[in-house]
Amino acid sequence: MRHRFHALCPYFAMFPESFAETWIERLTKPGDLVLDPFCGRGTTPLQALLMGRSAVAGDINSVAYCVTKAKTNAPTLAAIRRRITLLESRYDSAIWEKERLALPQFFRWAFTSETLRQLLYLRTILSWNSSKTDCMIAALILGSLHGETLHSDSYLSNQMPHTISTKPLYSVRFWKERGLRPPKRDAFELLRKRATFRYESPVPDKVATVFHSDFRNLPGFFKTRSSRPRCVITSPPYFDVTDVEEDQWLRLWFLGGPPRPKGGNGHGDYRHDSRAAFWDFISDMWRSMGLLAGKKTNMVIRLGGKSLDPTEIVEGLKATSIFTRRKVNLVSQEISEIKNRQTNSFRPGSKGLAFEVDCHFLIN
Ligand SMILES: C[S@@+](CC[C@H](N)C(=O)[O-])C[C@H]1O[C@@H](n2cnc3c(N)ncnc32)[C@H](O)[C@@H]1O
């Protein structure tokens with residue numbers, strides 16, 4: 001059975017666990033350290049733990065951090081059940097009414113009044129940054145916050161895609177035109193059900209170190225030679241493909257963000273603007289890898305972009321690898337046409353990605 005933590009919450013431009021599994025198997029031995037500095041939903045570190053490796057991961061995005069931390073530092077099911085019971089016993093619906101009324105109209109169309117009051121309470125009370133039990137509970141909510149309610153009772157919202165949060169005006173128009181009302185859901189009850197489902201897979205024996213951080217801060221963590229990774233398996237942000245902050249705005253709201261999409265990538269430092277900015281970003285990635293990689297470190301990169309062709313991607317990666325200030329060899333490259341385009345499920349009807357490139361480098 002596929003490990004149930006893998007699909008805890010979907011993520012934009014996520015890669016399948018088979019990608020991580022293949023490369024971990026090929027390039028590492030049990031006990032080796034695997035790093036993913038752009039970990040997204042945490043597939044590389046979780047798969048590494050499941051295969052007896054150690055793992056370090058990082059991501060600048062709160063949703064990515066929360067989901068990765070939850071699945072690689074999982075509490076016991078008993079601890080989650082106890083915490084849900086405590087949270088429920090302390091919940092006082094009336095307290096949250098004023099805050100509910102102050103939210104934009106999107107929220108009143110997306111959730112019933114009671115579900116929304118529960119979400120406001122949980123969003124305030126969960127210490128997902130510091131407690132592993134609260135982190136898993138927050139990740140379970142993120143995975144159930146919105147989705148195809150007409151076909152499943154696993155989601156808290158009115159009909160929405162599970163993958164991305166649609167924009168407020170579009171969503172409200174969509175619901176009004178179709179006469180769609182939010183479903184009656186009890187967040188505590190749903191949490192218990194989803195936790196039981198996810199924990200049908202055993203919790204990994206080991207835990208990963210996860211950073212909520214820009215990748216440029218990672219070299220400071222790998223101070224001693226023995227702490228350095230043997231292998232990096234990662235997928236940096238793609239050129240001109242998805243806007244992290246916008247596509248996940250509702251999940252980011254649950255984790256403490258504003259009640260509307262922010263627009264822009266929110267980090268102000270990469271890709272949508274120009275090719276030059278994108279390759280500067282990738283140069284920074286190489287610079288950091290040069291500082292933290294051990295001797296003979298394998299680095300597998302999956303990369304794509306709507307307006308970059310595969311040759312430009314491979315040549316760009318090779319050219320920017322000089323920023324490691326180390327000798328770097330391209331060992332193999334594989335170009336795949338994306339038939340089942342992931343971006344289609346992120347932005348229905350969008351042109352999507354034509355190609356992805358997998359490059360395996362050796363940093364000497
Ligand atoms: C292509 S996605 C990775 C998806 C991941 N492989 C998965 O399967 O879910 C790229 C990730 O890079 C993260 N990111 C963007 N800029 C970053 C930065 N400066 N430092 C660390 N992470 C960053 C984004 O938040 C996003 O999660």
Side-chain angles (χ1 to χ4, degrees), residues 3 5-24 34-48 55-72 139 142-143 163-164 208 210-221 232-249 251-252 255 257 262 264-273 277-289 292 299-306 308 313 338 341-343 345-346 352-353 356-358:
H3 197 287
F5 284 7
H6 272 305
L8 191 53
C9 179
Y11 200 75
F12 25 74
M14 57 194 176
F15 50 52
E17 55 263 30
S18 57
F19 172 77
E21 187 182 9
T22 304
W23 287 103
I24 292 169
V34 179
L35 166 69
D36 186 347
F38 304 103
C39 66
R41 66 173 178 157
T43 303
T44 298
L46 174 60
Q47 191 58 38
V56 175
D59 202 292
I60 204 163
N61 183 274
S62 304
V63 172
Y65 171 76
C66 176
V67 172
T68 301
K69 180 101 183 180
K71 52 173 81 164
T72 62
L142 294 180
T163 45
I164 63 161
V210 186
F211 294 100
H212 188 187
S213 163
D214 187 296
F215 69 90
R216 296 171 187 91
N217 299 324
L218 292 180
F221 171 74
V232 181
I233 300 173
T234 197
S235 181
Y238 291 9
F239 182 61
D240 69 5
V241 170
T242 187
D243 183 326
V244 175
E245 299 282 322
E246 204 171 277
D247 289 348
Q248 292 293 322
W249 75 267
R251 291 191 174 110
L252 287 166
L255 295 179
K262 255 207 246 167
N265 61 42
H267 318 134
D269 69 351
Y270 69 90
R271 77 220 153 94
H272 290 285
D273 324 339
F278 175 73
W279 288 113
D280 277 352
F281 181 86
I282 298 296
S283 304
D284 278 356
M285 172 194 80
W286 280 119
R287 204 171 279 120
S288 300
M289 295 305 117
L292 64 77
M299 173 133 183
V300 180
I301 303 170
R302 171 167 283 191
L303 194 55
K306 275 191 214 167
L308 296 180
I313 293 177
I338 302 175
R341 292 182 181 174
Q342 273 183 356
T343 44
S345 59
F346 300 137
L353 268 174
E356 272 173 337
V357 179
D358 296 340

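Ligands are counted one by one from 1 in listed order, and the atoms in each one are counted from 1 as well. Atom set for the values below is all heavy atoms of this structure, side chains included, hydrogens, waters and symmetry mates excluded.
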(request) Would you mind finding which of Cys39, Ser62, Ala57, Ser235 brings a heavy atom closest to atom 10 (C) of ligand 1? (result) Ser235

(request) List for me each residue that meets side-chain contact (heavy atoms from CB on, under 4.5 Å) alongside Ser62, sequence neighbours excluded, and say none if there are none. (result) Trp128, His212, Leu252, Leu255

(request) Quick one: pull up CD in Glu17 and CG in Leu46 and give me the separation to the nearest 0.5 Å. (result) 8.5 Å

(request) Check the pair Phe281, Phe215 against ring pair (Phe, Tyr, Trp, His ring centres under 6.0 Å), reporting the backbone distance first and the verdict last. (result) CA-CA 11 Å; Phe281 181 86; Phe215 69 90; 5.3 Å; yes

(request) Could you tell me which atoms of ligand 1, counted from 1 in the order shown, lie closer than 4.0 angstrom to a heavy atom of Asn61? (result) 25 (O)

(request) Could you pull out, from Arg216, Met14, Met285, the option with a heavy atom nearest to atom 7 (C) of ligand 1? (result) Met14

(request) Looking only at distances, please establish whether an N/O atom of ligand 1 is found under 3.5 Å from an N/O atom of Phe215. (result) yes

(message) Out of all atoms in ligand 1, which are within 4.0 Å of some heavy atom of Arg41? Include the element for each.
(response) 7 (C), 9 (O)

(message) Nearest 0.5 Å, please: how far is CD in Gln47 from CD1 in Ile24?
(response) 5.5 Å

(request) Ignoring hydrogens and angles, tell me if any N or O in the side chain of Arg216 forms a donor-acceptor pair with the backbone of Asp284 under 3.5 Å. (result) no

(message) Taking ring-ring contact (aromatic ring centres under 6.0 Å, His included) as the definition, give me every residue that meets it alongside Phe5, ordered by chain and number, with sequence neighbours left out.
(response) His3, Tyr199

(message) Within this structure, what is the OG-CZ distance for the pair Ser235 and Phe19, rounded to the nearest 0.5 Å?
(response) 7.0 Å

(request) Please confirm whether Phe15 comes within less than 3.5 Å of ligand 1 when only nitrogen or oxygen atoms on both sides are compared. (result) yes

(message) Taking 4.0 angstrom as the limit and counting only heavy atoms of Ser213, give me the atoms of ligand 1 inside it, by number and element.
(response) 20 (N), 21 (C)

(request) Record the part of Tyr11 in heavy-atom contact with ligand 1 below 4.0 Å; permitted values are side chain, backbone, both and neither. (result) side chain

(request) Would you tell me whether Glu356 and Tyr238 have side-chain atoms, one donor and one acceptor, within less than 3.5 Å of each other? (result) yes

(message) Using heavy-atom distances only, which candidate in Leu218, Val63, Thr234, Asp59 approaches atom 26 (C) of ligand 1 most closely?
(response) Asp59

(request) Ignoring angles and geometry beyond distance, decide whether Asp214 reaches within less than 3.5 Å of ligand 1 through its nitrogen or oxygen atoms. (result) yes

(message) Using heavy atoms and a 4.0 Å limit, tell me yes or no: is Pro237 in contact with ligand 1?
(response) yes

